[in-house]
Amino acid sequence: MSKTTWRTSTQLVHGGIKRSAFDENCEGLFVTSGYIYASAEEQEATFKEEIKRYQYSRFANPTVGMFEERMAMIEGANFCLATATGMAAINTTLMAMLKSGDRVVASRALFGSSVFIMNNILPRFGIETVLVDGDDLNQWEEALKKPTRAVLLETPSNPTLDIVDMQSVADLAHKAGARVIVDNVFATPILQKPLDFGADVVVYSTTKYVDGQGRTMGGAILFNEEKLLKEEIMPYFRNTGPAMSPFNAWTQLKGLETMDMRVMKHCENATLVAKFLENLKGVTKVNYPGLHSHPQHDLAMKQMKAGGPMLSFEIDGGKDKAFAFENALELTKICNNLGDSKSLITHPGTTTHSKVEEAERLHLGISDGLLRLSVGLEDADDLKEDLAQASKTVFG
Ligand SMILES: *Cc1c(COP(=O)(O)O)cnc(C)c1O
(Lines give C-alpha, C1' and ligand atoms only; values in the text may rest on other atoms or scores of the structure.)
Protein backbone atom coordinates (compact mmCIF):
# COMPACT_ATOMS: atom_id res chain seq x y z
CA MET A 1 0.00 0.00 0.00
CA SER A 2 1.52 3.30 -1.06
CA LYS A 3 1.43 6.35 1.20
CA THR A 4 0.39 8.42 -1.78
CA THR A 5 -3.07 6.82 -1.82
CA TRP A 6 -3.77 7.20 1.89
CA ARG A 7 -6.99 8.99 2.64
CA THR A 8 -7.10 11.89 5.11
CA SER A 9 -7.90 9.93 8.29
CA THR A 10 -5.02 7.56 7.61
CA GLN A 11 -2.63 10.42 6.85
CA LEU A 12 -3.61 12.06 10.15
CA VAL A 13 -2.64 8.91 12.10
CA HIS A 14 0.39 7.64 10.17
CA GLY A 15 1.72 10.55 8.11
CA GLY A 16 5.37 11.50 8.51
CA ILE A 17 6.27 8.88 11.14
CA LYS A 18 9.98 8.10 11.39
CA ARG A 19 10.94 5.48 13.95
CA SER A 20 14.25 5.43 15.80
CA ALA A 21 16.45 2.38 16.48
CA PHE A 22 14.13 1.58 19.43
CA ASP A 23 11.13 0.78 17.19
CA GLU A 24 8.74 2.90 19.29
CA ASN A 25 5.11 2.84 18.14
CA CYS A 26 4.15 6.37 19.25
CA GLU A 27 6.00 9.27 17.62
CA GLY A 28 9.25 9.92 19.50
CA LEU A 29 9.74 13.20 21.36
CA PHE A 30 13.30 14.29 20.55
CA VAL A 31 14.22 16.91 23.10
CA THR A 32 17.63 17.95 21.84
CA SER A 33 19.12 21.18 20.55
CA GLY A 34 22.18 19.66 18.88
CA TYR A 35 23.24 16.47 17.07
CA ILE A 36 26.46 14.38 17.23
CA TYR A 37 28.74 13.91 14.22
CA ALA A 38 30.86 10.79 13.73
CA SER A 39 33.78 12.93 12.57
CA ALA A 40 34.92 16.49 11.96
CA GLU A 41 34.76 15.66 8.24
CA GLU A 42 31.09 14.72 8.50
CA GLN A 43 30.40 17.98 10.32
CA GLU A 44 32.26 19.97 7.66
CA ALA A 45 30.33 18.22 4.88
CA THR A 46 27.07 18.98 6.67
CA PHE A 47 27.89 22.68 6.86
CA LYS A 48 28.90 22.64 3.18
CA GLU A 49 25.41 21.18 2.56
CA GLU A 50 26.93 18.08 0.92
CA ILE A 51 25.17 15.92 3.50
CA LYS A 52 21.59 16.46 4.59
CA ARG A 53 21.18 15.53 8.24
CA TYR A 54 20.05 16.99 11.56
CA GLN A 55 22.36 19.77 12.57
CA TYR A 56 20.63 22.12 15.02
CA SER A 57 17.01 22.27 16.20
CA ARG A 58 16.54 25.88 15.08
CA PHE A 59 16.79 24.46 11.52
CA ALA A 60 15.16 21.06 11.92
CA ASN A 61 14.33 18.45 14.58
CA PRO A 62 13.02 14.88 14.10
CA THR A 63 9.77 15.42 16.06
CA VAL A 64 9.10 18.76 14.37
CA GLY A 65 9.99 17.11 11.04
CA MET A 66 7.35 14.42 11.53
CA PHE A 67 4.79 17.12 12.29
CA GLU A 68 5.79 19.09 9.18
CA GLU A 69 5.59 16.04 6.94
CA ARG A 70 2.14 15.10 8.27
CA MET A 71 0.84 18.66 7.83
CA ALA A 72 2.21 18.80 4.26
CA MET A 73 0.56 15.48 3.46
CA ILE A 74 -2.89 16.59 4.68
CA GLU A 75 -2.67 19.96 2.92
CA GLY A 76 -1.39 18.40 -0.29
CA ALA A 77 1.62 20.75 -0.23
CA ASN A 78 5.23 20.03 -1.12
CA PHE A 79 6.70 21.93 1.82
CA CYS A 80 5.81 22.73 5.41
CA LEU A 81 7.71 24.72 8.02
CA ALA A 82 6.39 24.58 11.58
CA THR A 83 6.64 27.71 13.69
CA ALA A 84 6.34 28.64 17.37
CA THR A 85 2.95 30.36 16.91
CA GLY A 86 0.50 31.26 14.18
CA MET A 87 1.77 34.84 14.18
CA ALA A 88 5.34 33.56 13.68
CA ALA A 89 4.06 31.73 10.57
CA ILE A 90 2.39 34.87 9.16
CA ASN A 91 5.27 37.20 10.05
CA THR A 92 7.92 34.82 8.69
CA THR A 93 6.04 34.39 5.41
CA LEU A 94 5.66 38.14 4.90
CA MET A 95 9.13 39.21 6.05
CA ALA A 96 10.80 36.46 4.01
CA MET A 97 9.19 37.55 0.74
CA LEU A 98 8.96 41.35 1.11
CA LYS A 99 11.46 44.16 0.74
CA SER A 100 11.26 47.92 0.93
CA GLY A 101 9.25 49.44 -1.93
CA ASP A 102 6.96 46.40 -2.16
CA ARG A 103 3.20 46.53 -1.95
CA VAL A 104 0.82 44.24 -0.05
CA VAL A 105 -2.96 44.03 -0.43
CA ALA A 106 -4.96 42.36 2.34
CA SER A 107 -8.55 41.81 3.33
CA ARG A 108 -9.59 44.13 6.13
CA ALA A 109 -11.16 41.41 8.26
CA LEU A 110 -7.96 39.84 9.58
CA PHE A 111 -6.82 38.48 12.93
CA GLY A 112 -5.95 41.49 15.16
CA SER A 113 -2.19 40.92 15.12
CA SER A 114 -2.18 40.55 11.33
CA VAL A 115 -3.85 43.97 11.12
CA PHE A 116 -1.07 45.31 13.38
CA ILE A 117 1.59 43.91 11.02
CA MET A 118 -0.19 45.57 8.06
CA ASN A 119 -0.74 48.94 9.72
CA ASN A 120 2.28 49.31 12.00
CA ILE A 121 5.15 46.97 11.13
CA LEU A 122 5.37 46.67 7.34
CA PRO A 123 5.06 50.45 6.72
CA ARG A 124 8.13 50.97 8.95
CA PHE A 125 10.17 49.14 6.30
CA GLY A 126 8.82 51.18 3.40
CA ILE A 127 6.24 48.58 2.40
CA GLU A 128 2.92 49.94 1.18
CA THR A 129 -0.11 48.14 2.62
CA VAL A 130 -3.65 48.41 1.28
CA LEU A 131 -6.72 46.97 3.02
CA VAL A 132 -9.89 46.07 1.13
CA ASP A 133 -13.29 44.64 2.03
CA GLY A 134 -12.60 40.96 1.36
CA ASP A 135 -16.07 40.15 0.04
CA ASP A 136 -16.02 42.96 -2.56
CA LEU A 137 -14.26 41.82 -5.76
CA ASN A 138 -14.37 45.37 -7.19
CA GLN A 139 -12.15 46.58 -4.35
CA TRP A 140 -9.67 43.74 -4.93
CA GLU A 141 -9.61 44.56 -8.66
CA GLU A 142 -8.99 48.24 -8.00
CA ALA A 143 -6.25 47.57 -5.43
CA LEU A 144 -4.54 45.00 -7.64
CA LYS A 145 -4.21 47.31 -10.65
CA LYS A 146 -0.70 48.17 -9.43
CA PRO A 147 2.19 45.68 -9.23
CA THR A 148 1.90 43.89 -5.87
CA ARG A 149 4.16 41.39 -4.10
CA ALA A 150 1.75 39.68 -1.72
CA VAL A 151 -1.92 39.27 -0.92
CA LEU A 152 -3.03 38.17 2.56
CA LEU A 153 -6.57 37.03 3.30
CA GLU A 154 -8.57 35.07 5.82
CA THR A 155 -11.69 33.07 4.93
CA PRO A 156 -13.91 32.64 6.86
CA SER A 157 -12.77 35.75 8.70
CA ASN A 158 -12.52 36.40 12.41
CA PRO A 159 -14.97 37.23 14.01
CA THR A 160 -17.68 38.02 11.42
CA LEU A 161 -17.27 34.87 9.27
CA ASP A 162 -17.06 36.76 5.96
CA ILE A 163 -16.08 34.63 2.98
CA VAL A 164 -13.50 35.64 0.36
CA ASP A 165 -13.75 34.20 -3.16
CA MET A 166 -10.24 32.73 -3.23
CA GLN A 167 -10.04 31.76 -6.91
CA SER A 168 -11.21 35.16 -8.16
CA VAL A 169 -8.82 37.02 -5.85
CA ALA A 170 -5.96 34.67 -6.80
CA ASP A 171 -6.55 35.32 -10.52
CA LEU A 172 -6.40 39.09 -9.95
CA ALA A 173 -3.39 38.78 -7.61
CA HIS A 174 -1.38 36.63 -10.00
CA LYS A 175 -1.92 39.17 -12.80
CA ALA A 176 -0.50 41.83 -10.46
CA GLY A 177 2.53 39.64 -9.75
CA ALA A 178 1.51 38.79 -6.19
CA ARG A 179 1.64 35.57 -4.22
CA VAL A 180 -1.57 34.78 -2.33
CA ILE A 181 -1.27 33.85 1.34
CA VAL A 182 -4.40 32.37 2.95
CA ASP A 183 -4.83 32.18 6.73
CA ASN A 184 -6.90 28.98 6.90
CA VAL A 185 -7.36 28.74 10.68
CA PHE A 186 -11.16 28.93 10.77
CA ALA A 187 -11.67 26.38 7.98
CA THR A 188 -8.85 23.94 8.87
CA PRO A 189 -7.33 21.64 6.20
CA ILE A 190 -10.21 19.22 6.85
CA LEU A 191 -12.80 21.62 5.41
CA GLN A 192 -10.92 23.78 2.91
CA LYS A 193 -7.80 23.46 0.72
CA PRO A 194 -6.78 26.98 -0.39
CA LEU A 195 -4.07 25.59 -2.73
CA ASP A 196 -6.92 24.17 -4.85
CA PHE A 197 -8.39 27.69 -5.18
CA GLY A 198 -5.23 29.41 -6.41
CA ALA A 199 -3.47 30.19 -3.11
CA ASP A 200 0.34 30.05 -3.13
CA VAL A 201 0.89 29.81 0.63
CA VAL A 202 -1.38 28.53 3.40
CA VAL A 203 -0.69 29.58 6.98
CA TYR A 204 -2.07 28.20 10.22
CA SER A 205 -2.18 28.92 13.86
CA THR A 206 -1.91 25.25 14.87
CA THR A 207 -2.67 26.50 18.40
CA LYS A 208 -6.29 26.20 17.35
CA TYR A 209 -7.82 23.11 15.67
CA VAL A 210 -4.54 21.18 15.17
CA ASP A 211 -3.77 21.06 18.88
CA GLY A 212 -7.51 21.21 19.34
CA GLN A 213 -7.46 20.88 23.09
CA GLY A 214 -6.12 24.24 24.22
CA ARG A 215 -2.65 23.02 25.25
CA THR A 216 0.20 24.16 23.02
CA MET A 217 1.01 27.04 20.65
CA GLY A 218 2.19 26.53 17.10
CA GLY A 219 1.98 27.58 13.49
CA ALA A 220 2.63 26.24 10.00
CA ILE A 221 3.59 27.61 6.58
CA LEU A 222 2.67 25.39 3.61
CA PHE A 223 3.42 25.85 -0.10
CA ASN A 224 4.56 24.12 -3.30
CA GLU A 225 7.11 26.45 -4.85
CA GLU A 226 10.73 25.34 -4.43
CA LYS A 227 12.16 28.79 -5.17
CA LEU A 228 10.08 30.26 -2.36
CA LEU A 229 11.54 27.67 0.02
CA LYS A 230 15.17 27.90 -1.04
CA GLU A 231 15.57 31.58 -1.77
CA GLU A 232 13.09 33.25 0.53
CA ILE A 233 11.52 31.32 3.39
CA MET A 234 14.30 28.90 4.38
CA PRO A 235 17.15 31.45 4.70
CA TYR A 236 14.88 33.76 6.72
CA PHE A 237 13.59 30.90 8.87
CA ARG A 238 17.02 29.40 9.67
CA ASN A 239 18.59 32.72 10.59
CA THR A 240 15.80 34.37 12.56
CA GLY A 241 14.55 31.42 14.64
CA PRO A 242 10.73 31.14 14.59
CA ALA A 243 10.99 27.32 14.97
CA MET A 244 8.40 25.22 16.80
CA SER A 245 9.46 23.42 19.99
CA PRO A 246 9.71 19.60 19.79
CA PHE A 247 7.29 19.21 22.71
CA ASN A 248 4.65 21.31 20.94
CA ALA A 249 5.17 19.36 17.70
CA TRP A 250 4.77 16.09 19.61
CA THR A 251 1.56 17.28 21.30
CA GLN A 252 0.18 18.48 17.99
CA LEU A 253 1.06 15.21 16.21
CA LYS A 254 -1.30 13.62 18.75
CA GLY A 255 -3.83 16.39 18.03
CA LEU A 256 -3.70 15.65 14.30
CA GLU A 257 -4.63 11.99 14.88
CA THR A 258 -8.18 13.01 15.83
CA MET A 259 -8.50 16.27 13.87
CA ASP A 260 -10.96 15.08 11.21
CA MET A 261 -13.34 13.62 13.78
CA ARG A 262 -13.08 16.65 16.02
CA VAL A 263 -13.57 19.20 13.25
CA MET A 264 -16.61 17.41 11.83
CA LYS A 265 -18.15 17.18 15.32
CA HIS A 266 -17.38 20.90 15.89
CA CYS A 267 -19.21 21.66 12.62
CA GLU A 268 -22.18 19.49 13.54
CA ASN A 269 -22.48 21.21 16.93
CA ALA A 270 -21.95 24.67 15.40
CA THR A 271 -24.77 24.06 12.90
CA LEU A 272 -27.17 22.96 15.66
CA VAL A 273 -26.19 25.90 17.89
CA ALA A 274 -26.40 28.42 15.01
CA LYS A 275 -29.93 27.27 14.12
CA PHE A 276 -30.92 27.43 17.79
CA LEU A 277 -29.52 30.97 18.17
CA GLU A 278 -31.53 32.19 15.15
CA ASN A 279 -34.69 31.76 17.24
CA LEU A 280 -33.33 32.66 20.66
CA LYS A 281 -34.80 35.67 22.50
CA GLY A 282 -32.35 38.60 22.59
CA VAL A 283 -30.30 37.42 19.57
CA THR A 284 -30.73 39.75 16.58
CA LYS A 285 -28.27 38.22 14.09
CA VAL A 286 -26.30 35.00 13.61
CA ASN A 287 -23.17 34.84 11.43
CA TYR A 288 -22.55 31.24 10.36
CA PRO A 289 -21.45 30.26 6.82
CA GLY A 290 -23.43 27.00 7.06
CA LEU A 291 -26.76 28.83 7.40
CA HIS A 292 -28.82 29.81 4.34
CA SER A 293 -29.16 33.25 5.95
CA HIS A 294 -25.39 33.86 5.49
CA PRO A 295 -25.10 36.27 2.50
CA GLN A 296 -22.26 34.20 1.01
CA HIS A 297 -23.62 30.75 1.88
CA ASP A 298 -23.23 29.40 -1.68
CA LEU A 299 -19.62 30.55 -2.01
CA ALA A 300 -18.85 29.17 1.47
CA MET A 301 -20.23 25.76 0.48
CA LYS A 302 -18.22 25.84 -2.77
CA GLN A 303 -14.97 26.39 -0.86
CA MET A 304 -15.65 24.40 2.32
CA LYS A 305 -16.87 20.90 3.08
CA ALA A 306 -19.08 22.15 5.96
CA GLY A 307 -20.08 25.39 7.66
CA GLY A 308 -17.11 25.45 10.00
CA PRO A 309 -16.55 25.28 13.73
CA MET A 310 -16.93 29.01 14.52
CA LEU A 311 -19.86 31.40 14.65
CA SER A 312 -20.72 34.84 15.97
CA PHE A 313 -24.00 36.46 16.94
CA GLU A 314 -25.40 39.81 17.99
CA ILE A 315 -27.10 40.46 21.28
CA ASP A 316 -29.82 43.11 21.44
CA GLY A 317 -28.79 45.98 23.71
CA GLY A 318 -25.09 46.43 22.99
CA LYS A 319 -22.14 45.85 25.29
CA ASP A 320 -24.02 45.75 28.62
CA LYS A 321 -26.41 43.03 27.48
CA ALA A 322 -23.64 41.13 25.66
CA PHE A 323 -21.54 41.12 28.85
CA ALA A 324 -24.57 40.06 30.93
CA PHE A 325 -25.19 37.21 28.46
CA GLU A 326 -21.56 36.02 28.69
CA ASN A 327 -21.63 36.24 32.49
CA ALA A 328 -24.84 34.21 32.63
CA LEU A 329 -23.35 31.28 30.69
CA GLU A 330 -22.32 28.35 32.86
CA LEU A 331 -20.99 25.65 30.54
CA THR A 332 -19.50 27.94 27.88
CA LYS A 333 -16.36 29.64 29.22
CA ILE A 334 -15.27 33.25 28.69
CA CYS A 335 -11.95 32.91 26.87
CA ASN A 336 -10.34 34.64 23.87
CA ASN A 337 -8.78 31.40 22.58
CA LEU A 338 -10.65 29.23 20.08
CA GLY A 339 -10.50 25.76 18.62
CA ASP A 340 -10.78 23.91 21.94
CA SER A 341 -12.92 20.93 22.97
CA LYS A 342 -14.50 23.33 25.46
CA SER A 343 -16.95 25.92 24.10
CA LEU A 344 -15.39 29.38 24.42
CA ILE A 345 -17.01 32.78 24.05
CA THR A 346 -15.53 36.25 23.72
CA HIS A 347 -16.67 39.83 23.08
CA PRO A 348 -14.44 40.86 20.13
CA GLY A 349 -15.07 44.60 20.55
CA THR A 350 -13.35 44.68 23.96
CA THR A 351 -10.85 41.83 23.44
CA THR A 352 -9.45 40.56 20.13
CA HIS A 353 -10.39 43.76 18.26
CA SER A 354 -10.21 46.31 21.12
CA LYS A 355 -7.20 48.02 19.49
CA VAL A 356 -9.07 48.57 16.22
CA GLU A 357 -10.46 52.11 15.86
CA GLU A 358 -14.19 52.33 16.49
CA ALA A 359 -15.16 53.43 12.96
CA GLU A 360 -13.11 50.60 11.44
CA ARG A 361 -14.55 48.13 13.96
CA LEU A 362 -18.12 49.04 13.03
CA HIS A 363 -17.21 48.89 9.33
CA LEU A 364 -16.01 45.32 9.97
CA GLY A 365 -19.38 44.46 11.51
CA ILE A 366 -17.96 44.17 15.03
CA SER A 367 -20.83 45.85 16.85
CA ASP A 368 -20.94 46.38 20.63
CA GLY A 369 -23.38 43.48 20.93
CA LEU A 370 -21.31 40.97 18.92
CA LEU A 371 -20.14 37.76 20.61
CA ARG A 372 -17.87 35.14 19.01
CA LEU A 373 -18.48 31.52 19.91
CA SER A 374 -15.98 28.72 19.38
CA VAL A 375 -18.36 25.77 19.55
CA GLY A 376 -16.83 22.87 21.48
CA LEU A 377 -17.27 19.12 21.54
CA GLU A 378 -19.87 18.98 24.32
CA ASP A 379 -23.34 17.55 23.67
CA ALA A 380 -25.13 20.18 21.56
CA ASP A 381 -28.26 19.85 23.73
CA ASP A 382 -26.28 20.95 26.78
CA LEU A 383 -24.87 23.92 24.85
CA LYS A 384 -28.39 24.91 23.74
CA GLU A 385 -29.69 24.61 27.31
CA ASP A 386 -26.85 26.82 28.52
CA LEU A 387 -27.59 29.48 25.87
CA ALA A 388 -31.33 29.28 26.67
CA GLN A 389 -30.82 29.83 30.39
CA ALA A 390 -28.47 32.78 29.68
CA SER A 391 -31.11 34.32 27.39
CA LYS A 392 -33.75 33.80 30.09
CA THR A 393 -31.52 35.46 32.73
CA VAL A 394 -30.85 38.50 30.54
CA PHE A 395 -34.06 38.90 28.54
CA GLY A 396 -36.62 37.08 30.69
C1 LIG B 1 -5.11 32.63 16.56
C2 LIG B 1 -5.04 33.11 15.18
C3 LIG B 1 -3.83 33.61 14.65
C4 LIG B 1 -2.58 33.76 15.48
O5 LIG B 1 -2.12 32.54 15.97
P6 LIG B 1 -1.27 32.40 17.33
O7 LIG B 1 -0.99 30.94 17.40
O8 LIG B 1 -2.11 32.93 18.43
O9 LIG B 1 -0.03 33.23 17.13
C10 LIG B 1 -3.82 34.03 13.33
N11 LIG B 1 -4.94 33.97 12.57
C12 LIG B 1 -6.11 33.50 13.04
C13 LIG B 1 -7.30 33.46 12.14
C14 LIG B 1 -6.20 33.06 14.36
O15 LIG B 1 -7.38 32.60 14.83
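Heads up: numbering here begins at 1 and tracks the sequence. Start at 1 and go down the list; that is how both ligands and their atoms are numbered.
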Do N158 and ligand 1 have an N or O pair less than 3.5 Å apart?
no

Do the rings of H266 and Y209 sit parallel, tilted or perpendicular, given the 30° and 60° boundaries?
perpendicular

For M217, the ligand 1 atoms whose distance to one of its heavy atoms is below 4.0 Å:
7 (O), 8 (O)

So is D183 touching ligand 1 or not, going by heavy atoms under 4.0 Å?
yes

Cut-off 3.5 Å, side chains only: do T346 and N336 have a donor facing an acceptor?
no

Please set out all donor-acceptor pairs under 3.5 angstrom arising from side-chain atoms of residues 318-327, sequence neighbours excluded.
residue	atom	partner	partner atom	Å
N327	ND2	F323	O	3.3

Ignoring hydrogens and angles, state whether a donor on the side chain of E44 or Y37 is under 3.5 Å from an acceptor on the partner side chain.
no

Any N or O of G86 closer than 3.5 Å to N or O of ligand 1
yes

Compute whether any side-chain donor of one residue and acceptor of the other, for T188 and Q192, lie under 3.5 angstrom apart.
no

Any N or O of M87 closer than 3.5 Å to N or O of ligand 1:
yes

Kindly confirm or rule out an N or O of E154 lying under 3.5 angstrom from an N or O of ligand 1.
no

Using a strict 4.0 Å cut-off to heavy atoms of T207, name the atoms of ligand 1 that fall inside it.
7 (O)

For atom 15 (O) of ligand 1, the closest protein heavy atom turns out to be K208 NZ, 2.8 Å

